[in-house]
Amino acid sequence: MTKKIVSEKKSFELKNKSYLEDSVRFIHQSLTQMGISKKLVLKTELLSEETIVQFARHATENAVLFIQIRRFLGDASVSIRVSGEAFDPYESTIPSGELEDDEENAIRSILFRAHGEKFKYSHKNQVNRARILVGQSERTNLYATIAALFLGLLVGAIMKFILPGEFSDILGSYVFNPVKTMFMNALKIVIAPVVFFSIVTCVSQFKNIAELGKIGIKVMGMYIMTTVIAVLIGITFVLLIKPGEWGFATAGTIAVQQVSVDTNVDTSILHTIVNIVPSNFVQPFLESDTLQIIFLAVICGIAVGMIGEYSAVLKEIFEACNSLFLTITTMIAKLIPVAVFCSVILMIVEIGGSSLLSVLSAAVTQIFSVLCMICVYGILVLLVGRLNPLKFFSKNKEGMLTSFSLSSSSAAMPTNMRICTDKLGISSKVSSFSIPLGATVNMDGTCIYLSVLSLFLARAYGVEVPISAMISLGITIILLSLGAPGVPGSAFICLGVVLKQIHVPVEAVGLIMAVTPILDMFDTMSNTTGDMTTALIVAKSEKLLDLKKYNE
């Protein structure tokens, strides 16, 4: 059995005619011994070969090629360095006197650009350096997450119906809940930095404010449009299906669980706008106020381009910080299957059987509405974006599953940003702005949840909701969704506010609390799919979409 190595380093003299063949062979053998899949090894070989050729063309006399390969947490990286003059690998600049077809130049440029964050070039102290990240097959983590989901259902059912209650409580309290809490806390660590540095890096790329404003208007326009559609879908299916009129035990025959819900929330659009501007720079990061963090990031990104000689230095610092926190996020994401396993077990154990059966009709209506909304996203991609929606859903299945599992738009945001750039071919100019913003203001699934369940509970408690009240309800839900935090359970809190407006007792939320964790998963999946749809359509309209990468 081949022993797996974790680090290899070797040097090659460029004056040796076989340097290219020897270095590529070294990379192939090292990655293979590290357990990297054949497909990824071949891709890395191709990119490394082109990088080495370019470095050699710009190398100083008697330069030596150094290659170091490391493996960490299932991923590997190839570091290449050669002393020489600086050049732009993305433009494939060739020294005078050498001839090469323009087509080959274009192919090389596309090759480097297609790898996005996985390929990094720098020049310092007369040395050209490149780092190539070799991620293991993304399907591996996806399959592990799916397996964790079903295994969690199985273990949860065993703990719920077979094991003694005391033993299940001990496992939940001392094993599964601590693991889930630690994982969510780890994600919370990086959410604010990822939002801030990604948006600063994004905004600083724009050469003029008008270009940013144009993209911002399109993104917000799409978010508002899909939010309105979501509310209309939720209300329409409640009126058509009429959950609660078939197979529902009325509120009077069910023991309503007393739940304390804070409804003292200012949902006015004025308060939302005023609250965007923080009173100090640190507080938004301490409170994880995404809207305020976005505001600070946009201001800093604009300012970076206005300070003359320091602009280039600051851009490099922000880009480095952005890469740092995205790398940390990637490391944390390796543990998603473990977190999903624990979360599903806790959900199954804590659900009450009678409550689950009594609100089955509402749950079915809610899930059906969300699936219809996802179909709407596909129609928008086809009609507005003029793109193949099947490609979109195929490339986004990892993001949808991650959002479904974590029940948090904010927690799934780093994964979605990576999918936008690496799989869908969306420029970071769009994705680094629209995805963090969408995690805060685009809550299509939450709007459906509030529409369906508020009217369902109104019927359960015998409260009539006329058309005029439904219109007012829809407007309130839209405004409320703009400030709803992208964290698990936020929709449940907002429901208390909505019920208060239509004169339904706030205690009614106890009827649907048992199925809220399940519905929250579908809502979050809809929220993040809407974010990705908007980013894709806006990128296509602004010609910031790599169509070759999207269609491959």
Side-chain angles (χ1 to χ4, degrees), residues 9-24 26-27 43-70 77-134 201-202 204-207 304-305 308-324 327 421-422 425 427-429 544 546 548-549:
K9 186 176 182 179
K10 198 170 184 179
S11 61
F12 304 87
E13 293 187 5
L14 295 183
K15 63 182 180 181
N16 189 331
K17 291 184 179 180
S18 63
Y19 79 90
L20 183 59
E21 181 182 349
D22 293 342
S23 59
V24 172
F26 166 70
I27 293 173
K43 284 185 177 181
T44 306
E45 280 184 55
L46 176 61
L47 185 60
S48 299
E49 183 177 354
E50 290 296 340
T51 303
I52 293 169
V53 169
Q54 289 291 72
F55 278 20
R57 282 183 172 140
H58 297 84
T60 58
E61 189 176 357
N62 297 322
V64 176
L65 167 67
F66 294 94
I67 299 178
Q68 184 170 14
I69 304 174
R70 295 190 184 96
S77 65
V78 179
S79 298
I80 304 170
R81 61 185 175 93
V82 180
S83 59
E85 60 181 8
F87 70 101
D88 186 351
Y90 301 107
E91 293 183 0
S92 298
T93 305
I94 298 175
S96 58
E98 294 190 23
L99 297 177
E100 188 165 345
D101 292 337
D102 290 339
E103 289 183 4
E104 189 174 341
N105 269 336
I107 292 172
R108 180 178 292 111
S109 177
I110 291 171
L111 177 64
F112 285 125
R113 292 181 182 278
H115 284 76
E117 285 291 324
K118 294 182 179 179
F119 176 80
K120 286 291 185 180
Y121 165 81
S122 65
H123 181 270
K124 190 175 182 181
N125 298 328
Q126 298 302 311
V127 176
N128 286 311
R129 304 170 188 269
R131 185 193 65 173
I132 302 169
L133 294 179
V134 190
T201 303
C202 162
S204 63
Q205 295 176 21
F206 291 96
K207 296 180 179 179
V304 164
E309 58 180 308
Y310 296 107
S311 292
V313 176
L314 281 176
K315 282 182 180 180
E316 288 186 5
I317 292 174
F318 282 123
E319 286 178 5
C321 290
N322 187 39
S323 295
L324 170 65
T327 302
T421 53
D422 293 354
S427 169
S428 59
K429 283 186 175 182
L544 294 171
D546 186 342
K548 184 177 180 180
K549 180 179 287 189

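Because the structure is predicted, anything quoted here is derived from the model rather than measured.
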Nearest heavy atoms of [X] and [Y], plus distance in Å:
X	Y	result
Lys549	Gly425	CD-CA, 3.6 Å
Arg129	Phe55	C-CZ, 3.7 Å
Ala56	Leu14	CA-CD1, 4.2 Å
Phe12	Ser23	CZ-CA, 3.7 Å
Lys315	Val304	CG-CG1, 3.6 Å

request  = Please examine the side chains of Ile67 and Ile52, heavy atoms only from C-beta on, and report whether any two atoms are closer than 4.5 Å.
outcome  = yes

request  = Compare all side-chain heavy atoms of Ile69 with those of Phe26 and state whether any distance is below 4.5 angstrom.
outcome  = yes

Can you name the side chain to side chain contact (heavy atoms under 4.5 Å, CB included) partners of [X], sequence neighbours left out?
X	value
Ala86	Tyr121, His123
Glu45	Val24, His28, Val41, Leu42
Ser83	Thr60, Ala63, Val127
Leu324	Ile328

Apply side-chain hydrogen bond (donor to acceptor under 3.5 Å, both in side chains) to [X] and list each qualifying residue two or more places apart in sequence or on a separate chain.
X	value
Glu13	none
Gln68	Arg70
Asp22	Ser18, Arg25

Value rounded to 0.5 Å, distance of [atom1] in [X] from [atom2] in [Y]:
X	Y	atom1	atom2	value
Glu49	Leu46	CD	CG	7.0 Å
Thr44	Ile132	OG1	CD1	7.0 Å
Asp546	Thr421	CG	OG1	11.0 Å
Asn128	Glu85	CG	CD	8.0 Å

